[in-house]
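See structure below.
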Amino acid sequence: MIRVDRLSLAIHGTPILRDVSLSIPKGQIFGLVGESGSGKSMTALSLMQLLPAGAKATGHALLDDTDLLTRTEAQMCGLRGNDLGMIFQEPMTALNPVQTIGDQVAETLLIHGESSRAAARKIARDRLDRVGLQHVAMDRYPHELSGGQRQRVCIAAAVALSPRLLIADEPTTALDVTTQAQILDLLRDLVARDGMSLLLITHDLAVVANMADHVAVMQRGEIVEQGPTADVLRLQRHPYTRGLFAASAHQPDRVTTPRPDVLLSVENVIRTYPGPRTGFTRAAPIAAVDDVSFQLHKGESLGLVGESGCGKSTLTRAILGLDPIQSGAISAFGHPVTPQMPNTVRAGIQVVFQDPYGSFNPRWRVEKLVAEPFHLLPERPRDARDRVADALAAVGLSADDMHKYPHEFSGGQRQRIAIARALITHPRILVLDEAVSALDVSIRAQILDLLADLQNRLHLSYLFISHDLTVVRSITDRVLVMQAGKIVEQGETEQVFTAPAHPYTQSLLAAAPSLDTIMERSDATLV
Amino acid sequence: MLRYILSRLLSLCLSLIAASVVIFGVIEVIPGDPAAFMLGLNATDANIAALRAELGLDGTVVARYWGWVSGMMTGDFGISYTYRVSVSDLILDRIWISLPLAIYALILSTLIAFPIGLIAASARGTLADYGIMGGTQLGIAVPNFWFAMLLVLLFAVNLRWFSAGGFAGWDNPAAAVKSLTLPAIALALPQASILARVMRSALLDTLGQDYIRTARAKGLTRRQAVLRHALRNAMIPVLTIIGLQFSFLLAGAIIIENVFFLPGLGRLIFQGITQRDLIVVESVTMLLVFAVILVTFLVDIAYAAVDPRLRRR
């Protein structure tokens, strides 16, 4: 049993957490939800006492009778891994790349007193089996495993000594929906079998709704509402909770009706990569995009969904004319799309990427950033500055913002700048590559509204690439489902989502946690 | 792994061939007749003709290149024009000073750099870190020959612990090591300063990685996390610098060799250049290039030993 009592935290004097109180009974799952910067992770790190330099925590955090906040660092080292386990968001980087997975799981045991390496490895093998890695050898290195497998290794290391509390900080955020479902099942199973408590931190309401016994909603370092999951989700007493729900299920207002004119046509496109080298020869080429055909019409919003590695990004690069294709044809506005295509065609297709932090040169002012695509035009427009101001106004920013640097903006504002940059050449097609995936739900709702509004006004066509099915459903007219380089299903969005024909689409939809179905279920149990 | 080694080996051979062609080519493109060039302005035609014959300048370019390369492969580097002895003997005499000196200096530099780099990274932002960083800044800024002279003043002139220069010979290994000690320290200190800074920044990079946080969550102390997880991951940039430093120490000790009157390879090539002894210059350059390429190869192998992700390639 873990009980947190009036936990407050300040880092270099700046308050981060205020009077956080919660308790997790043995064998229960406690969900902590909130947007980025709300203090979820800091709450977890306070329990682990792995806080950044300059942090000062007050209050109590009792693990049974032990107050974690008053333990010395040496005592905490004895507790971490033994009584407290933790797993993190990014399984790709959470493991040491130069150590075998067996050694990394065995390390937890060796650190906490297992005397012989052989015995530790034997137990490690058993733990790996328990997390579903029966067929993966102990001497594998992390880079030889998939993201889901790596997260399983992290879990095996964290639960190797059956801790009393496992903290999972966004454990599935970086994973595909089907993998997410498997990892959540595994966590639920471990809690049931070992009787440990699980603190599940996530931004995804649907994930907690599906998993947690209790849930707490955090905002700006405070818990604004908590209680049994079904109550919190159904009653939504606090306005912030209601806001989160509304934003998660947000449906942007779209009125555009697509016209029959074809703007982008993709016909039987094949993009292959050279196969891996075997000695002095190469294996057969790998087709990342395999015989893909579709059309994008004027004013249409077309979704492209699929799991990581399915070929979405490769297809996107081909459509943007960044990579050559080996067979088939892509044409935009009647011109062939190739890496050598003229800049005037390029100016007609612009792109917005996922990461609003990484896609700007931090040393450029917004004016220069937004004006960059002007080099695609035959000559720089005389009214360049006015057009930058117009583009910023179109995305809801002010003209004065053009004198600022990217770091002065929040994530949502940066994504608005990215959209302004994409709009500056008056393109007809906008490719949105996971453009809202890194944003919090409330910001995401605003950006989706902005996209819908821009489409209504400018009659843009969108190619909307995302792994997030809810978002795709809310903003697209038609959808393509991609698996292993092929389009396995395409059709009207509502049609595909309500009556998926292909087994892969069905499995994707089944794996995606959906708030609607959960709410229906909890209503049914309450009645 | 085997394929990785073979591919590195292939690249080693190709680099050697390319280097030999370039070195041979440079001697070839020197304007005019190499023999006339070597003999200077007052040479008689008969002397030049005799030297041409001795240098083997009479055949075709391909034949001469092949003669030079095949000679080197059997250990025949030709006869030095100024010393009148075989170049291989000249090199053999001197390599027994230069090679041990380079290895000695490298060991010292690594032994100094590793602990202080570790301390600076672990104690980042503390007085110890600032002190070490300031000290290494000084170590890089101060020229090693000046530092060498200070060492001579202190340990040879005042304390009389070491001799001020010269080489005792390997007949008495203890004396030989002793006579290489001051030069090795003078060579090692600037290198150690560079290496410590590289070590510190590589460690700080890895200490910010997610897997260090995972290790701490498993219950490792900060020190255990550094030693078990950060150190090996920080090795790639450190190995790169060590490889470059060894090559530099082998060929670049020329000033230190002069300060301590050590008859090493650096002095040999320097004398070769001033005396226009192209045969010596050509051969010693080729030998140094070979050493550099060999060290690069060994560093590549060490990369793969440290990082399993490289073994698949």
Side-chain angles (χ1 to χ4, degrees), chain A residues 44-45 47-50 52-54 73-100 103-113 139-144 150 153-154 157-158 160-161 163 166-167 169 276-280, chain B residues 1-11 14 121-126 129 202-239 301-313:
Chain A
L45 293 176
L47 298 183
M48 296 294 283
Q49 288 289 294
L50 285 176
E73 172 60 22
Q75 288 171 323
M76 280 312 295
C77 284
L79 287 170
R80 289 183 210 121
N82 208 352
D83 293 302
L84 299 164
M86 185 159 179
I87 56 170
F88 300 93
Q89 170 168 355
E90 197 40 84
M92 302 314 269
T93 53
L95 293 168
N96 184 346
V98 303
Q99 217 177 48
T100 63
D103 284 344
Q104 298 195 52
V105 175
E107 186 173 45
T108 311
L109 301 150
L110 288 168
I111 286 287
H112 293 289
D139 57 2
R140 291 296 203 89
Y141 286 95
H143 70 271
E144 300 171 301
R150 292 188 210 190
V153 175
C154 292
L161 286 166
L166 177 66
I167 303 173
D169 189 356
R277 235 193 281 215
T278 53
F280 289 99
Chain B
M1 185 67 186
L2 187 67
R3 209 174 67 226
Y4 177 80
I5 294 177
L6 285 177
S7 83
R8 296 289 90 198
L9 216 50
L10 183 70
S11 130
L14 292 176
S122 317
R124 184 191 194 175
T126 64
D129 183 22
L203 267 176
L204 286 179
D205 274 352
T206 50
L207 282 174
Q209 297 288 326
D210 286 352
Y211 53 78
I212 298 297
R213 191 180 56 182
T214 306
R216 298 274 287 137
K218 286 198 287 194
L220 275 74
T221 62
R222 194 161 308 193
R223 177 198 289 264
Q224 284 172 325
V226 171
L227 295 180
R228 284 165 172 253
H229 292 281
L231 200 55
R232 192 163 159 200
N233 277 288
M235 272 300 115
I236 292 266
V238 173
L239 280 173
I301 302 297
Y303 284 160
V306 168
D307 192 338
R309 285 168 294 185
L310 291 172
R311 290 176 211 158
R312 275 195 313 179
R313 295 199 194 144

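As the structure is a prediction and not an experimental result, all values here were calculated from the model. Each chain gets a letter, A, B and so on, in the order the sequences are listed, and its residues count up from 1.
Looking at A:Gln99 and B:Pro308, their side chains never come closer than 4.5 Å, going by heavy atoms from C-beta outward. In this structure, B:Lys218 and A:Gln104 have side chains that are in contact, with non-hydrogen atoms separated by less than 4.5 Å. Annotation: side chain of A:Ile111 is in contact with side chain of B:Gln224 (closest heavy-atom distance under 4.5 Å).
Between the side chain of A:Thr93 and the main chain of B:Asp210, no donor-acceptor pair closer than 3.5 Å is present.
No part of A:Gln49 comes within reach of chain B, as not one of its non-hydrogen atoms sits under 4.5 angstrom from that chain. Within the 4.5 angstrom heavy-atom criterion, only backbone atoms of A:Leu84 (N, CA, C, O) approach chain B. Using a 4.5 Å cut-off between heavy atoms, A:Ala158 makes no contact with chain B at all.
Counted within 6.0 Å of CZ on B:Arg124, heavy atoms from surrounding residues, nucleotides or ligands total 12 or fewer; the atom is thus considered open.
In this structure, the separation between CG on A:Leu50 and CD1 on B:Ile212 is 12.0 Å, given to the nearest 0.5 Å. Note that the CG atom of B:Asp307 and the NE2 atom of A:His143 stand 8.0 Å from one another [nearest 0.5 Å].
Put simply, of A:Pro97, A:Gly81, A:Pro142, the one with the most heavy-atom pairs under 4.5 Å next to chain B is A:Pro97. Ranked by non-hydrogen atom pairs under 4.5 Å with chain B, the options A:Met92, A:His112, A:Met76, A:Met86 are led by A:His112.
Residues of residues 228-238 of chain B lying under 4.5 angstrom from chain A, judged on non-hydrogen atoms, are B:Arg228, B:His229, B:Arg232, B:Asn233 in numerical order.
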